[in-house]
A.B. asks: 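Can you keep this structure in mind? I'll have questions shortly.
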Amino acid sequence: MSARVAVIGGGSWGTTVAHLCAYNTPTVLYVRNRAIAYAINHKRVNSRYLAGYFLHPDLRATTEIAEAVEGADVLIMAVPSQGFRNAVKQLSPYISNDTPVLSLAKGLENNTAMRMTEVVLSELSDRPVGVLTGPNLAKEIMSGYATAAVLAMTDQSATEQIYRVLAVNYFRIYIGTDVVGAEMAGATKNVIALASGIAEGLGAGNNTKAALITRGLAEMTRLGVAVGGNPLTFAGLAGMGDLVATCMSTQSRNRHVGERLGQGMSISKIVSSLGQVAEGVKSTPVVVALAKSLGVSMPIAETVQSIIDNEQSPAEALQALLDRPLTSEINF
């Protein structure tokens, strides 16, 4: 019997993942906007987030969370990290006690610094939880370009179940068990993507951007290992793969925000004009605070925070990074 999938969140990535699932199994996408739901059901498009891309004809959208969640065999959460807990609370009365939950979010919760799988387990009964992450730009996937992702879960049965509903011929999935590392990589890479965008906005060369990406990966790995992640995870799709895609692609929202910061725009103006969530803006202070509490050095992340807070200009911040004292490259 086919597994019924519920995807919560109709942004570009949630819609894309729901589209992929619909190739394999009955899939319902929960969206808040009635116009978006109508367009998906009757025109096969989500013109707000994926204009010009047609969705699988078997994908169905609803604005009723109970309708989406009740009877679902797999629940996929495509909600930004700062609204994640509230969304879980809303659906909690309708989800079965053993339904596995997969997170697509790439951020940490404000105040608690919790990963999204931790948020799920704090609000719902104990169940299989995991994360799907990697270098996955929604519009490229909708165009049919080959890509890969990592599905990190510790429950083998749930992993196999979710793999079957997600895998299509151009979307290759690798499996892993390092949920902590995969989630931390997704949350921290957005901060480094802001830095890469800032360098782009300043007119920096490829040498500068390559250095930021490489040293940013070192920061991501240090923090991820400090909270229990496997360092090898950060060399894979969840870490280096996602970092490269997010830092280099013009489709990346976090890179876009960073580029505008580098050009001198204020963060408030950038965010108000964006129209979508750039997780790195909210994640940066959480990541910086967590690193400080654990004694982990993250100078690039701290620099991004200082620019967001208007404590330094982008040019001053870049020079401050270059003026740091002599240190070893490999310090694990």
Side-chain angles (χ1 to χ4, degrees), residues 5-9 13-14 17 21 73-82 84-85 87-88 91 95 97-110 112-136 148-167 171-191 217 219-243 246 279 283 286-287 290-291 294 296:
V5 175
V7 180
I8 309 302
W13 187 219
V17 170
C21 291
D73 300 296
V74 174
L75 179 67
I76 300 177
M77 297 292 297
V79 179
S81 56
Q82 303 316 316
F84 199 96
R85 185 182 294 275
V88 173
L91 63 82
I95 186 172
N97 290 333
D98 58 351
T99 302
V101 178
L102 184 71
S103 169
L104 306 183
K106 297 178 179 180
L108 301 174
E109 186 177 49
N110 281 343
T112 68
M114 292 173 72
R115 296 173 285 107
M116 296 305 102
T117 57
E118 293 179 304
V119 173
V120 170
L121 292 175
S122 70
E123 293 292 340
L124 302 176
S125 59
D126 188 29
R127 65 188 61 240
V129 293
V131 59
L132 180 74
T133 189
N136 304 141
V150 59
L151 170 60
M153 299 189 81
T154 57
D155 186 292
Q156 183 177 352
S157 176
T159 299
E160 293 173 356
Q161 180 185 22
I162 294 174
Y163 172 83
R164 287 193 296 270
V165 303
L166 276 170
F171 188 67
R172 178 168 175 78
I173 296 175
Y174 291 83
I175 60 173
T177 57
D178 182 20
V179 177
V180 175
E183 286 192 287
M184 290 302 298
T188 52
K189 64 91 186 180
N190 284 327
V191 181
L217 180 63
E219 292 190 16
M220 291 165 53
T221 307
R222 283 198 294 268
L223 183 61
V225 170
V227 298
N230 185 329
L232 292 178
T233 297
F234 294 84
L237 291 166
M240 175 56 84
D242 202 4
L243 181 64
T246 310
E279 288 273 26
S283 293
V286 186
V287 167
L290 178 62
L294 296 171
V296 174

A.B. asks: So, do V101 and I95 sit near enough that their side-chain heavy atoms are less than 4.5 Å apart?
C.D. replies: yes
A.B. asks: Just list the side-chain donor-acceptor pairs under 3.5 Å for residues 123-130, sequence neighbours left out, or say none.
C.D. replies:
{"residue": "E123", "atom": "OE2", "partner": "R85", "partner atom": "NH1", "Å": "2.7"}
{"residue": "S125", "atom": "OG", "partner": "N97", "partner atom": "O", "Å": "3.1"}
{"residue": "S125", "atom": "OG", "partner": "R127", "partner atom": "NH2", "Å": "2.9"}
{"residue": "R127", "atom": "NE", "partner": "S125", "partner atom": "O", "Å": "3.1"}
{"residue": "R127", "atom": "NH1", "partner": "S96", "partner atom": "O", "Å": "2.8"}
{"residue": "R127", "atom": "NH1", "partner": "T99", "partner atom": "O", "Å": "2.8"}
{"residue": "R127", "atom": "NH2", "partner": "S96", "partner atom": "O", "Å": "3.2"}
{"residue": "R127", "atom": "NH2", "partner": "N97", "partner atom": "O", "Å": "3.3"}

A.B. asks: Near L294 CG, under 6.0 Å, is it more than 12 heavy atoms from other residues, nucleotides or ligands?
C.D. replies: yes
A.B. asks: Would you give the length of the straight line joining atom CG of L166 to atom CZ of F171, rounded to the nearest 0.5 angstrom?
C.D. replies: 6.5 Å
A.B. asks: Quick one: CG on N230 to CG on D178, what's the gap to the nearest 0.5 Å?
C.D. replies: 5.5 Å
A.B. asks: Would you find a donor on one side and an acceptor on the other, under 3.5 Å apart, between the side chain of N136 and the backbone of A148?
C.D. replies: yes
A.B. asks: Quick one: which of I8, V131, V17 gives a side-chain contact (heavy atoms from CB on, under 4.5 Å) with L104?
C.D. replies: V17
A.B. asks: Mind checking whether L108 and M184 have side chains closer than 4.5 Å, heavy atoms only?
C.D. replies: yes
A.B. asks: Side chains of N190 and S283: donor-acceptor distance under 3.5 Å anywhere?
C.D. replies: no
A.B. asks: To the nearest 0.5 Å, tell me how far S103 OG sits from R115 CZ.
C.D. replies: 10.5 Å
A.B. asks: Which pair of heavy atoms, one from L237 and one from V150, lies closest together, and at what distance?
C.D. replies: CD1-N, 4.3 Å
A.B. asks: Starting at CG of L217, measure out to CG of D242 and round the result to the nearest 0.5 Å.
C.D. replies: 11.5 Å
A.B. asks: Out of curiosity, L232 CG to T221 OG1, how far, rounded to the nearest 0.5 Å?
C.D. replies: 10.0 Å
A.B. asks: For V119 and M114, work out which heavy atoms get closest and say how close.
C.D. replies: N-CE, 3.9 Å
A.B. asks: Is a side-chain donor or acceptor of K189 paired with a backbone partner of G241 at a separation under 3.5 angstrom?
C.D. replies: no
A.B. asks: Please confirm whether the backbone N or O of V74 pairs with a side-chain atom of Q161, one donor and one acceptor, at under 3.5 Å?
C.D. replies: no
A.B. asks: Is the side chain of E183 donor-acceptor paired with the backbone N or O of V180 at a distance under 3.5 Å, no angle test?
C.D. replies: no
A.B. asks: Of all the heavy-atom pairs spanning A105 and M116, show the shortest one and how long it is.
C.D. replies: CB-CG, 3.7 Å
A.B. asks: Please tell me if the side chains of C21 and I76 come closer than 4.5 Å, counting only heavy atoms from C-beta onward.
C.D. replies: yes
A.B. asks: Is a side-chain donor or acceptor of Q82 paired with a backbone partner of N110 at a separation under 3.5 angstrom?
C.D. replies: yes
A.B. asks: Looking at side-chain heavy atoms only, is the closest gap between I162 and M153 below 4.5 Å?
C.D. replies: yes
A.B. asks: Say whether, by atom type as modelled, one donor and one acceptor occur between the side chain of D73 and the main chain of V5 under 3.5 angstrom.
C.D. replies: no
A.B. asks: Which pair of heavy atoms, one from T233 and one from A238, lies closest together, and at what distance?
C.D. replies: CG2-CB, 4.2 Å
A.B. asks: Identify the heavy atoms of L102 and L132 that sit nearest to each other, and give their distance.
C.D. replies: CD1-N, 3.7 Å
A.B. asks: Return the minimal non-hydrogen interatomic distance between F234 and M220, and the atom names on each side.
C.D. replies: CE2-O, 3.4 Å
A.B. asks: Is there a donor in the side chain of T112 and an acceptor in the side chain of E109, or the other way round, less than 3.5 Å apart?
C.D. replies: yes
